[in-house]
Amino acid sequence: MTVTRLRPAVVCAALLEALDASEGRRRRRKRDTTPDAIGMSLKRQLLAQSVEADPDPEAFEAWLLERCLTGPADASMGALRAMAREVLAEWQFAAASADFREWLAAGAPSEDRGSTSPATLALRPSSQDVDGR
């Protein structure tokens with residue numbers, strides 16, 4: 001199996017942009033989306049911190065755990081942990097799935113999303129990313 005060596009910060013930057021589309025969908029829902037907004041806010045914080053800190057791929061899970069243990073006092077530990085697990089799963093999926101990386105690199109296209117941005121271009125594979133080189 002071919003797995004790329006993506007830096008978590010690269011994937012998290014693209015995931016941050018993909019959240020913009022989901023935010024548009026959330027606002028159009030007819031139900032109360034306050035819980036969704038709280039969860040997405042926590043996820044957005046984790047993604048932004050990941051981009052800024054640029055943790056090593058081998059240490060990303062431990063880095064996310066540390067964010068959960070030292071998270072803001074007003075955040076639910078369970079909610080923060082759930083969002084950290086989601087971020088980790090999406091990063092692992094991006095590392096293992098060329099199709100998912102291509103979708104992110106294309107700007108996570110959906111009906112709610114515009115064109116490709118510079119952050120998503122970093123997901124396009126280079127010769128160093130493929131086959132463990």
Side-chain angles (χ1 to χ4, degrees):
M1 176 169 92
T2 300
V3 177
T4 64
R5 290 181 171 190
L6 287 176
R7 303 248 351 134
V10 171
V11 174
C12 289
L15 290 171
L16 265 171
E17 293 182 13
L19 275 182
D20 292 340
S22 68
E23 183 66 17
R25 285 189 299 272
R26 184 190 66 78
R27 288 182 183 175
R28 287 193 304 273
R29 291 186 181 125
K30 298 197 186 302
R31 64 177 176 80
D32 178 11
T33 60
T34 302
D36 298 339
I38 292 168
M40 290 299 102
S41 174
L42 291 173
K43 184 175 181 179
R44 187 177 299 279
Q45 289 172 20
L46 285 170
L47 292 170
Q49 290 171 359
S50 299
V51 170
E52 184 178 318
D54 191 18
D56 288 328
E58 299 80 20
F60 190 48
E61 187 171 6
W63 184 89
L64 284 169
L65 175 61
E66 184 64 26
R67 299 291 75 69
C68 291
L69 296 174
T70 61
D74 62 341
S76 157
M77 170 72 92
L80 190 56
R81 184 172 172 260
M83 292 299 100
R85 289 177 58 134
E86 189 170 311
V87 168
L88 179 64
E90 289 173 347
W91 171 70
Q92 289 171 332
F93 188 55
S97 171
D99 289 340
F100 187 57
R101 285 191 309 278
E102 289 173 17
W103 178 76
L104 284 174
S110 74
E111 293 177 8
D112 301 310
R113 180 121 187 105
S115 61
T116 303
S117 71
T120 59
L121 295 176
L123 284 170
R124 300 231 163 100
S126 71
S127 60
Q128 293 177 336
D129 289 335
V130 183
D131 297 326
R133 286 185 231 158

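Just so it is clear, the values below take in all heavy atoms, side chains as well, and ignore hydrogens, waters and symmetry mates.
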So do Arg7 and Asp54 actually touch side chain to side chain, heavy atoms under 4.5 Å?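 With C-beta onward as the side chain, the pair touches.
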
Residues pairing under side-chain hydrogen bond (donor to acceptor under 3.5 Å, both in side chains) where one sits in residues 65-81, two or more places apart or in two chains, turn out to be none

Smallest separation among heavy atoms of [X] and [Y], with atom names:
X	Y	answer
Val87	Phe60	CG1-CZ, 3.8 Å
Val51	Ala9	CG2-O, 3.6 Å
Met83	Leu46	C-CD1, 3.8 Å
Ala94	Leu6	O-CD1, 3.8 Å

Quick check for you: to the nearest 0.5 Å, what is the distance between [X] atom [atom1] and [Y] atom [atom2]?
X	Y	atom1	atom2	answer
Glu86	Leu15	CD	CG	9.0 Å
Ile38	Leu80	CD1	CG	13.0 Å
Leu64	Ser50	CG	OG	5.5 Å
Asp99	Arg101	CG	CZ	9.0 Å
Glu58	Trp63	CD	CH2	15.5 Å
Glu61	Arg85	CD	CZ	9.0 Å

Test side chain to side chain contact (heavy atoms under 4.5 Å, CB included) applied to Val11 and Glu90, step by step | CA-CA 8 Å; Val11 174; Glu90 289 173 347; 5.6 Å; no

- Message: Is it the case that over 12 heavy atoms from other parts of the model lie below 6.0 angstrom from the CD atom of Gln45?
- Response: yes

Do Leu16 and Phe93 sit in one hydrophobic cluster, given that two such residues count as connected whenever their side-chain heavy atoms are within less than 4.5 Å of each other, even indirectly?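 Linked within one cluster.
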
